[in-house]
Amino acid sequence: MSDFIIYNTLSRSKEIFKPLNPGHVGMYVCGPTVYGEAHLGHSRPAITFDVLFRYLNHLGYKVRYIRNITDVGHLVNDADEGEDKIAKKAKVEELEPMEIVQLYTNSYRQNMAQLNVLPPSIEPSASGHIIEQIAAVQQLIDSGFAYEINGSVYFDVEKYASVHNYGKLSRRKIEDLYTNTRDLDSQNEKKSGLDFAVWKKASSGHIMNWPSPWGTGYPGWHIECTAMSTKYLGETFDIHGGGLDLLFPHHEAEIAQGVACFGHDTVRYWMHNNLITINGQKMGKSLGNFITLNELFSGTHPLLEKAYSPITIRFFILQAHYRSPLDFSNEALQAAEKGLERLLKAVALLDELIPSADSSMDVGALKEKCYAAINDDLNTPVLIAHLFDGVKVINSVNDGKASVNAQDLVLLKQLYHDFTFDILGFKSETASGGSDQEILKKVVDLLLNLRVEAKKNKEWATSDKIRNSLTELGFEIKDTKEGFSWELKK
RNA sequence: GGUCGGUUGGCCGAGUGGUCAGGCAACGGUCUGCAAAACCGUCUACGGCGGUUCGAAUCCGCCACCGACCUCCA
């Protein structure tokens, strides 16, 4: 089998993945800031790195996957200078900040479960790691790369850049940054406009704050990831993932903080997923064009023609490569919905195929192609294309136009089970179980048996009325040699 | 303004020097009482201009357009 290759943003090239400790992988992915409902944009990194997590598990690695919950410290923009996002929302709704945090954390987890995103190994929250963050800030001060002014602590970018390469991840030159940095009021006390806060003094109206050696305040924007990733994964770990929008300044700052603390890089492979656009424009809270996952699942948003199931969203996202931009449209979502249905139907059909003596398909070659695709920097669109090639064969076997022997059928089932469900994380969403369902099945079977009788007697009007009425109610009726088959469409 | 990325058929979206991407839609056929589903077939594109090459969507140059980051954002 080919090597597993990952595109490392740091080197801007594809590299063979070799974990630091054989058999084990440590990965850290930037999670959500829980001050609002999860939206379409949140689904892409979650799903991308879920597939990575699943695939590494499939390869037999023991993976520790950390995805944080940011519940403190991110500043809002100019409108509310220096105010904590969570605290701001709390005032508006007159709730305790931690109530907001809990509400949206629960909501996020529920949405992730709907998308069939596996829970990470550890989901640490920033508010639960204040002590570690204070320790990290102290370490930065001790190393000489951070300084305290008026109860706030800032990272000294200029000093860092004189010894290390600041900007190596985002490929920014420090001189360019100087000329392009805006002067914000709050930056007055900083030595340089490039410096960023690692600890911020709490203003009078700031609800979320903690005591520290520098007075009452809250952690800076980037320190939580440094503190929590190294706490759980060590000073050096394998993979750090996140959205492309976090490349600068967030991940650049993380690198600087890590190097300043430990004297060496902490991350071996940096991975960044591209963003989802809507009509060619990025989604953003400030642009007001973002669609929440709950709106997507229920179809309640002016931009949506209908509801789209969570697994349809998952399929839509994985049909594009994670490093390519992906544009949202109803047409594309509906195409994804039908494609997914076609794939899942064929996989279900595998259990009904009757093996023959000979085989007209090469399962081994298909398997090799599938692994080659996923091994090439998680090329899920090519992987899915290969799976569709197999779908054609599966359907042909069912039609008696191709054949598969018993041995190949076993291999084929294993292949589709591994890739469709275990690695890509798709699943069938048709309703199942429950006594209501059983009754429903009996009633529909009864009606369709009546229809079979009508057909026998060539009473086409009756037969069509039964089928058309059921179709109107959302059933799909198919006549087969044995009689009929049906399913209830969503 | 700086830095980086993109422009592929009706739509989405792979692909990096010659050979089928794939899905959706459309059209024709097989099957069917008629359908549906499935299968077979058709639709063969690569922003513009120039260059390199026997050969370029793929490499190089220029131009146009779009986007991202530089400011909280997945």
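Within 4.0 Å of A/L340, counting heavy atoms only, lies no atom of the nucleic acid at all. In this structure, A/R342 reaches the sugar-phosphate backbone alone: every heavy-atom distance under 4.0 Å involves primed, P, OP1 or OP2 atoms, never a base. In this structure, A/R44 reaches neither bases nor backbone, as no heavy-atom distance under 4.0 Å exists between it and the strands shown. Nucleic acid contact class of A/L326 (heavy atoms, under 4.0 Å, all strands): sugar-phosphate only. If you check every strand for non-hydrogen atoms under 4.0 Å, A/L247 touches nothing. When heavy atoms are screened at a 4.0 angstrom cut-off, A/N379 is found touching the sugar-phosphate backbone but no base atom. When heavy atoms are screened at a 4.0 angstrom cut-off, A/S43 is found touching no nucleic acid atom at all. Backbone-only contact: A/A332 has heavy atoms under 4.0 Å from sugar-phosphate atoms and none from a base. Using a 4.0 Å heavy-atom distance criterion, A/K338 is classed as a sugar-phosphate-only contact. Within 4.0 Å (heavy atoms only), A/G243 reaches sugar-phosphate atoms of the nucleic acid but no base atom.
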Could you tabulate the donor-acceptor pairs under 3.5 Å formed by side-chain atoms of residues 374-389 of chain A, not counting sequence neighbours?
unit_1 : atom_1 : unit_2 : atom_2 : d
A/N375 : OD1    : A/Y55  : OH     : 2.7
A/N375 : ND2    : A/S2   : O      : 3.1
A/N375 : ND2    : A/S2   : OG     : 3.1
A/N375 : ND2    : A/Y371 : O      : 3.1
A/D376 : OD1    : A/K14  : NZ     : 2.8
A/D377 : OD1    : A/Y7   : N      : 3.0
A/D377 : OD1    : A/Y322 : OH     : 2.6
A/D377 : OD2    : A/H321 : NE2    : 3.3
A/D377 : OD2    : A/Y322 : OH     : 3.3
A/D377 : OD2    : A/R323 : NE     : 2.8
A/D377 : OD2    : A/R323 : NH2    : 2.8
A/N379 : OD1    : A/V382 : N      : 3.3
A/T380 : OG1    : A/L318 : O      : 2.7

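Using cut-offs of 30° and 60° for the angle between ring planes, the A/F196 and A/Y166 rings count as parallel.
Residue ring and base: A/W460 counts as stacked with B/G33 (centre distance below 5.5 Å, interplanar angle below 30°).
The closest side-chain heavy-atom distance from A/H240 to A/H272 is not below 4.5 Å.
The side-chain tip of A/R172 points at the ring of A/F248 from less than 6.0 angstrom away and within 45° of straight on.
Closest heavy-atom contact between A/K190 and A/D195: NZ-O, 2.5 Å.
Taking the nucleotide of RNA chain B with the nearest heavy atom to each of A/I384 and A/K458, the more 5' of the two is matched to A/I384.
One interatomic measurement links the two molecules: NZ of A/K369 to P of B/G15, which rounds to 16 Å at whole-angstrom precision. Look at NE2 on A/H42: it is 6 Å from C1' on B/A74, rounded to the nearest Å.
Between B/U8 and B/A45, the distance separating the two P atoms is 15 Å to the nearest Å.
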